[in-house]
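Order of the sequence lines fixes the chain letters, A, B, ..., with proteins taken first and strands second; residue numbering starts at 1 for each chain.
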Amino acid sequence: MTTKPVRTRFAPSPTGRMHIGNARSALYPFLLARRMGGTFILRIEDTDQKRYEPGAEQELINGLHWLGIHYDEGPDIGGPYGPYRQTERRAIYHEHAWKLVELGKAFPCFCTSERLEKVRQEQLKNKQNPRYDGACRVIDPDEARRRVNAGEKYVIRFKMPKEGSITTADLLRGSITTENSALDDSVLLKSDGLPTYHLAAMVDDHLMEITHVIRGSEWLPSLPLHTHVIRAFGWDEPIFVHLSVFLKPSGKGKMSKRDRAEVMKDGYSIFLGDMQELGYIPEGVLNWIALMGWGVPEDDVMTLDQMVERFDIDGLTASPAAINFQKLDHFNGAHIRLLRTEDLAARIKPIYTQAGFRVDDGTLLKVTPLIRERLVTLDDCLAFGGFFFLEDVDPNPQELIAKGLDAGQSAEIARKSYEILAALPELTHSAAEPPMRAYVEQGGHNVNQVFGILRVAATGQKVSPPLFESMEIIGRAKVLKRLKNAIEILEKM
RNA sequence: GCCCCCAUCGUCUAGCGGCCCAGGACGAAGCCCUCUCAAGGCUUAAACAGCGGUUCGAGUCCGCUUGGGGGCACCA
């Protein structure tokens, strides 16, 4: 085999929202191209005008951009092999379809869909496999040409050999031999003049000099057809790699877009747009999907660059993978912990802002390190650190009462704590903790009781980042004010 | 129904004939650390689907069975 420069592609159809399946179908060819110093391209397969959704292409582009999967050639940026949108390549497919007709490898078919449907029903009734019955295969080529020129509606079908077999290859599975008799005279060019996938993708992959076709395993059954088409043109075949499908978390059945509601109620989604809104970061999502279908021996928390370094296309897995959202959480949290403070701060700032908090950068930079290791998603910053940006907090009275104590005793602790803290010239972590600990011992209480009251009073919540670091950031004045408020609440109980 | 693919802990996987009484990660359990919650550290439970071959030797190769998945459109 010659050592042509590696060219891979992600070729989605703009028929819906971008999901994790799409993302992985883009990731692997991207990793391969980068790993091999090759080129990665985006091609839009929009030949189905019935399922076409405006806006889907943009969502795809946004998704890739968000993930950091950058393409070298594509519909919006152009490139030497364009256009990269199949509807803009009509003439190319038309020409190629007729080329096959001339070569005797394809034929025009004038059958109506009604007739086709009738034939199919009959075949089904007779327990035969539904298949084109070959009615137009026998039409004289000149006669067919005349009817086409006369304006009759037609499609072009591949003329599948009746005998013999074909051996194709998938990188992960080895060679696969199929009897031609099991194959159909598939439609290559539709009556609307646009090609089907079987023609368009083969033509484009050849013309765009794609070396590795990485695609979903739903294409495996049509690989023999595709190989026939490629060989009919006399072209070299690219290396085919069929990715396993994603299964539902239960492992029962393919994960589909229709499962969105099911998964959403657990706070998850398979759509990139949703995931972004839920506070997942691209690094986490990428790491997660990368490892469903690809295994590394150890150190599985990786950035995109690290994936590029370690990627090996032979290491992909052929078996279906059940998705596991807990693992997504794990990777997301792990990558959040890997972010530099300024970076993380910049990412959570808009979340605070959108939630209505007034955020100043100085405080944010101090808060960020405190909450970093507690975040699973970026959105968690609200629960863990919202009180830093509030003037007052609103503690739950019951939570102000320490375990094992009553309201009066808790109030006493709060008052004493107030005195201690108020006596300090500055409320810093190092200044406040020793006297408070001394008080805990003298008072005969335990740290959980005293610090617990203080925590709820100062932060308004039972769970927070470390108490004294938090109070230092909140600031002396505000802490005392909140404590006073807590004392009042307790005294009224 | 027909065709194709897949098969290691609950899940994602490492393993490409001896290095495996099977390694890592998530999750689970326990312990440590500890002002809460996390993070972190340590430990434990947990798998080669079954049956036949091939071989001195099989998780690794072959076949069958079973289970799972995918596909059979003028959709991709």
Side-chain angles (χ1 to χ4, degrees), chain A residues 11-15 45-51 109 111-113 116-117 120 124 127-132 153-157 170 172-173 176 178-179 182-184 186-198 200-201 215-224 242 244-245 247 249-254 288 291-301 314-315 317-331 333-334 337 371-376 380 383-384 433 436-437 440 446-452 454-456 459 461-468 470:
Chain A
S13 59
T15 52
E45 311 220 323
D46 56 351
T47 56
D48 184 355
Q49 66 258 79
K50 289 183 218 81
R51 294 201 307 155
C109 169
C111 297
T112 61
S113 33
L116 259 20
E117 185 54 31
R120 218 166 55 128
L124 250 25
K127 299 215 159 141
Q128 290 173 302
N129 289 329
R131 187 169 316 183
Y132 181 62
K153 275 253 182 218
Y154 71 99
V155 301
I156 289 180
R157 287 178 182 274
D170 170 87
L172 307 179
R173 288 159 251 256
I176 300 163
T178 310
E179 293 298 320
L183 270 18
D184 204 357
S186 300
V187 171
L188 262 23
L189 195 72
K190 299 182 278 186
S191 59
D192 63 4
L194 284 166
T196 59
Y197 176 91
H198 308 307
R215 46 151 45 169
S217 70
E218 64 269 25
W219 293 114
L220 207 48
S222 47
L223 179 60
H242 292 87
S244 59
V245 292
L247 269 26
S250 63
K252 300 280 176 211
K254 184 162 90 161
W288 179 54
L291 261 16
M292 285 190 283
W294 175 37
V296 295
E298 262 164 75
D299 299 324
D300 59 0
V301 174
D314 293 311
T317 313
S319 49
I323 62 176
N324 179 345
F325 288 110
Q326 287 177 316
K327 206 148 187 171
L328 166 64
D329 283 339
H330 166 256
F331 280 121
R337 272 171 255 136
I371 63 174
R372 174 166 33 212
E373 61 237 29
R374 281 157 248 269
L375 306 183
V376 171
D380 292 338
F384 281 110
E433 187 165 0
M436 281 305 301
R437 283 201 184 270
V440 168
N446 67 47
V447 283
N448 287 313
Q449 294 173 321
V450 177
F451 290 11
L454 218 44
R455 180 190 315 285
V456 175
T459 69
Q461 48 199 53
K462 287 180 81 168
V463 172
S464 82
L467 220 209
F468 295 98
S470 296

Side chains of A:H242 and A:R173, donor plus acceptor under 3.5 Å: no

Heavy-atom side-chain proximity of A:L467 to A:L454 below 4.5 angstrom: yes

Are A:L220 and A:I176 close enough that some pair of their side-chain heavy atoms sits under 4.5 Å apart? yes

Would you mind classifying the nucleic acid contact of A:G333 as base, sugar-phosphate or nothing, using non-hydrogen atoms under 4.0 angstrom? nothing

Pairing partner (Watson-Crick or G-U wobble, both distances under 3.5 angstrom) of B:rA58: none

Rounded to the nearest Å, what distance is computed from the CE atom of residue A:M292 to the P atom of nucleotide B:rU11? 15 Å

Counting N and O atoms only, with roles assigned by atom type, does the side chain of A:W288 sit under 3.5 Å from a partner on the main chain of A:F325, one being a donor and the other an acceptor? no

When the distance from CZ of A:F325 to P of B:rG27 is rounded to whole Å, what number comes out? 15 Å

Starting at CH2 of A:W288 and ending at C1' of B:rG27, how long is that distance when rounded to a whole Å? 15 Å

Who pairs with A:A334 by side chain to side chain contact (heavy atoms under 4.5 Å, CB included), at least two apart in sequence or on another chain? A:V301, A:R337

Under a 3.5 Å limit for both distances, which nucleotide forms a Watson-Crick or G-U wobble pair with B:rC42, could you say? B:rG30

Generate the contact string for nucleotides 30-45 of chain B. Rules: B means base contact, S means sugar-phosphate contact only, - means no protein heavy atom under 4.0 Å. -----BBBBSS-----

Nucleotide by nucleotide, nucleotides 68-76 of chain B touches protein heavy atoms under 4.0 Å in the pattern (B base, S sugar-phosphate only, - none) -SBS-SBBB

Heavy-atom side-chain contact between A:K462 and A:R455 under 4.5 Å: no

Set of residues satisfying side chain to side chain contact (heavy atoms under 4.5 Å, CB included) with respect to A:L116, sequence neighbours excluded: A:C111, A:Y132, A:R157

Please report the distance, rounded to the nearest Å, between CG in A:L291 and C1' in B:rG23. 15 Å

Please state the P separation for the pair B:rA39 and B:rA28 - nearest whole angstrom. 10 Å

Partner nucleotide of B:rC2 by Watson-Crick or wobble geometry (both distances under 3.5 Å): B:rG71

Strictly distance-based, threshold 3.5 Å: is any side-chain N or O of A:T317 a donor or acceptor partner for the main-chain N or O of A:S319? no

Write down the distance separating the C1' atoms in B:rA46 and B:rA29, rounded off to the nearest Å. 11 Å

Among A:V155, A:I156, A:T196, which residue satisfies the side chain to side chain contact (heavy atoms under 4.5 Å, CB included) criterion with A:L189? A:I156

Who are the side chain to side chain contact (heavy atoms under 4.5 Å, CB included) partners of A:S222, not counting sequence neighbours? A:H198, A:W219, A:H226

d(CH2, A:W294; P, B:rA25) in whole Å: 17 Å

Taking only the C1' atom of each, what is the distance from B:rG24 to B:rG71 in whole angstrom? 35 Å

Which whole number of Å gives the distance between the P atom of B:rU55 and that of B:rC48? 26 Å

Span that lies between the C1' atom of B:rC74 and that of B:rG59, in whole angstrom: 47 Å

Assuming nearest nucleotide by heavy-atom distance, tell me which of A:S244 and A:Q128 is located more 5' along RNA chain B. A:Q128

Spacing of A:D170 atom CG relative to B:rC4 atom P, expressed in whole Å: 15 Å

Considering Watson-Crick and G-U wobble pairs with both distances under 3.5 Å, what does B:rC9 pair with? none

Can you tell me how far C1' in B:rG15 sits from the matching atom in B:rG1, rounded to whole Å? 39 Å

Hey, does A:A321 reach any base, or is it just sugar-phosphate, or nothing, if we go heavy atoms under 4.0 Å? sugar-phosphate

What is the distance, rounded to the nearest whole Å, between atom NE2 of A:H330 and atom P of B:rC12? 17 Å

For A:D192, the side chain to side chain contact (heavy atoms under 4.5 Å, CB included) test, sequence neighbours excluded, returns A:Q49, A:K190, A:L194

Between B:rC12 and B:rC6, how far apart are the C1' atoms? Round to whole Å, please. 16 Å

Measuring only the C1' atom in each nucleotide, how far is B:rA73 from B:rC16? A whole number of Å is fine. 40 Å

Just the rounded figure in Å: distance from P of B:rC4 to CG of A:L183. 11 Å

